[in-house]
Every structure is written in structure tokens, then in C-alpha cells.
There are 2 protein chains.
Amino acid sequence: MGPTATDTATGTPPRFRTFTEDDRLPEPLPEPTRDEMRLEIVMAALSDPLRLFIVRKLLLEAERIDHPCGWFGLDRPKSSLTHHFRTLRDAGLIRQRQYGLTRGNQLRVEDLEARFPGLLRLIADWRPHA
Amino acid sequence: MGPTATDTATGTPPRFRTFTEDDRLPEPLPEPTRDEMRLEIVMAALSDPLRLFIVRKLLLEAERIDHPCGWFGLDRPKSSLTHHFRTLRDAGLIRQRQYGLTRGNQLRVEDLEARFPGLLRLIADWRPHA
DNA sequence: TCTGTTGTACGATGCAAGTCGTACAAGGAG
DNA sequence: CTCCTTGTACGACTTGCATCGTACAACAGA
């Protein structure tokens, strides 16, 4: 498994899984730094159920450092998905890396925990459709 | 002072100030119950800087159980303010009570802490304009 | 080289939200 | 009763966002 454990819901601070970086990874696409992240923008990005689903899936089900669009199993046109992933990256929620033809999507777990502590917990607890 | 203390930022769970209820208070205007609150809707309500300001001011500077519109010192037309306060109430963030001609606005601190633990902490830490 | 895959770029469309003016309602103070 | 205050209701305007079709680019594999 990975280097970290998951939240135990016992009152201990939640810890979400991260993956160690590989030096040979391509540079991330342009993204805001921690300090450039804006709460309003993050909130707006998370006000869409599809984007909430994407972030939550990355948070709870990621198996590698990042995953391409298709991994999420979203039944939408590709041009729609491009729009949503870009919105998430612009808000600072995800990091995107280009691997030849595919693009890897990674949740910025450590940056988000540092900048907005508790935010990921809210997303993990989200119940869609309820 | 009130019955509660404030967050100490030392790792202890944050506790925000609440006010004891008075039996003679008028009934709140229609609002979602705890379980009816939706994270997407709450996020959308908080994606507007003016509304974030309103909620944050209620969280950090409330002196009574609720406050009328004018207390916030917002330089906008009244019809705009009606819209924003209604958005906050529909999302479940605030409770509104009618006192004759004025309307009191109260943050639903306990409901929000129960339904979305950690959310108020994010709002308290928000820095506008930064 | 031809084909299939992954995803962007551009543009059109429809809808929701923010903004605000005006008119109006309820009630307190004089 | 009259005036002022607080806030709603309605409607118009504008902006922004979600959605998606089409065309295109980059690349892998047969």
C-alpha cells in the first residue's frame, strides 16, 4: 500500500493517502501555488456534482499517483470533461501532467490539507444523490 | 460573554460562539433541515465573496442571537442584499426571523458543525482580498 | 500508412445567477 | 395621520457557466 493511512473517524486528524514523487515525472501543467488558492474559487469548483465526484474519487480510490480521464468512468462528451478538469486545475484542486497522449490527474492532497485544513474531510463525507 | 469559547488554533477542535434561545422568539422562516442540506448548494452559496463576508462576520463578530441586514455595513442596493441573504438561507447557512419590520440573521453554527464538521473553520480562516 | 485513442480548441446554445431600479408592504416615531 | 425605516416582490438586463458538436493534434500499434 501507500505511505499513509486513512481516516479512522474516531476524532483523530484525518490523513489521506499520498504517493511518493518520481523524479522522471513530467512537469505539472500551470497551476496556482498554495498561497494563490482562493477559497471562493475552490468553493465554486466544488459546487458542481460532477466535479465533486471527480475529486472524491481521487481522494478515496486513487491507486497510482495520477489517473487519466477515462479512469473515472464518466459518461459525458470529452469536451465537457476537458472543461471540468480544467476548472479543477485552475482552482488548485488537482495537478495535471502530460504523458505523451494521456493526461494524468492527481489530487493535491498535501497542498489542500495545508491551505484549507478540513476541506478534504468534507468531500470524503459527501453523499451524492442523497 | 457567551456560553462558548473560540478556536485556539492549537489542534483542539474549534468551538464557535452560540447564543441560548429565547422562547419568545418568532418562528424561523422556511429553511432546510440538517439532513436536507446539500454540500454542493452550500459550496455554491459560499462561492460569492459578499456572502462569504456575511457568514464570516456572523461567525466572528456576532454580539446577539441575530442581526439585521444593516448591521453588516454592506454598500449594495437593498434588493441585492435580499437576494444574497435568501441564497444563504436556502442553502441552510443562516436562519432568519421576522421581528416586525426588521429581519434577524443568525448563523446556524450548531447545525453546520454537525452536518459539515470543519466548514466553519475554513470560513473563519478566510482572508478576503488576499 | 492507416486506424484508433486521448484530449484540446473553438464556437454555439441555453440556462442560471448577479445586479439593480422601481413599486410596494409593514410598522415605529412624531 | 404622516414620515421614515427595513425589507420584499417583480421584472429587466447582463454575465458567467454548463453542455456539447465539430474539427483537429499527438501518438501508439498493427
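Everything numeric in this text was worked out from a predicted model, so none of it was measured. Sequence lines set the chain letters: A, B, ... in the order given, protein chains first and strands last, and positions in each chain run from 1.
- For the pair B/R51 CZ and C/dT19 C1', the computed distance is 12 Å after rounding to whole Å.
- Computed from coordinates, the B/I41 CD1 to C/dA16 P distance equals 12 Å when rounded to whole Å.
- With values rounded to the nearest 0.5 angstrom, A/Q106 atom CD is found 12.5 Å from A/L93 atom CG.
- Note on B/T82: a base of the nucleic acid sits closer than 4.0 angstrom, heavy atoms only.
- Rounded to an integer number of Å, the gap from CG of A/L46 to C1' of D/dA18 is 16 Å.
- An OP1 or OP2 oxygen of C/dT8 is reached within less than 4.0 angstrom by a side-chain nitrogen or oxygen of A/R103.
- Atoms CG and OG1, on B/D48 and B/T87 in that order, are 8.5 Å from each other to the nearest 0.5 Å.
- Nucleotide C/dA17 holds its C1' atom 17 Å from the CD atom of A/E40, rounded to whole Å.
- Not a single donor-acceptor pair, N or O on each side, falls under 3.5 Å between the base of C/dG18 and the side chain of B/S80.
- Closest to the B/P77 side chain, of the nucleotides C/dG21, C/dG7, C/dA26, is C/dG21.
- At a threshold of 4.0 angstrom between heavy atoms, the contacts of A/R76 are confined to the sugar-phosphate backbone, with no base atom among them.
- The side chain of B/H83 has C/dG18 as its nearest neighbour among C/dT8, C/dG18, D/dC10.
- Distance B/W71 CH2 to D/dT6 C1': 17 Å, rounded to the nearest Å.
- Along DNA chain C, the nucleotide nearest to B/S79 and the one nearest to B/T87 differ in position, and the one closer to the 5' end is contacted by B/T87.
- Atoms NE2 (A/H67) and C1' (C/dT6) sit 17 Å apart, rounded to a whole Å.
- Ion pairing between B/R95 and B/E31 holds under the 4.0 Å rule for side-chain N and carboxylate O.
- The CG atom of A/D90 sits 15 Å away from the P atom of D/dG16 (whole-angstrom rounding).
- Of the candidate nucleotides C/dT8, C/dG18, D/dT6, C/dT8 has the atom nearest to the side chain of A/K78.
- With rounding to the nearest 0.5 angstrom, the CG atom of B/L50 is 9.5 Å from the NE2 atom of B/H83.
- Picking from D/dC20, C/dG7, C/dT19 the nucleotide with the shortest atom distance to the side chain of B/H84 gives C/dT19.
- The CZ atom of B/F85 sits 14 Å away from the P atom of C/dG18 (whole-angstrom rounding).
- The side-chain heavy atoms of B/L81 and B/F72, taken from C-beta on, include no pair separated by under 4.5 Å.
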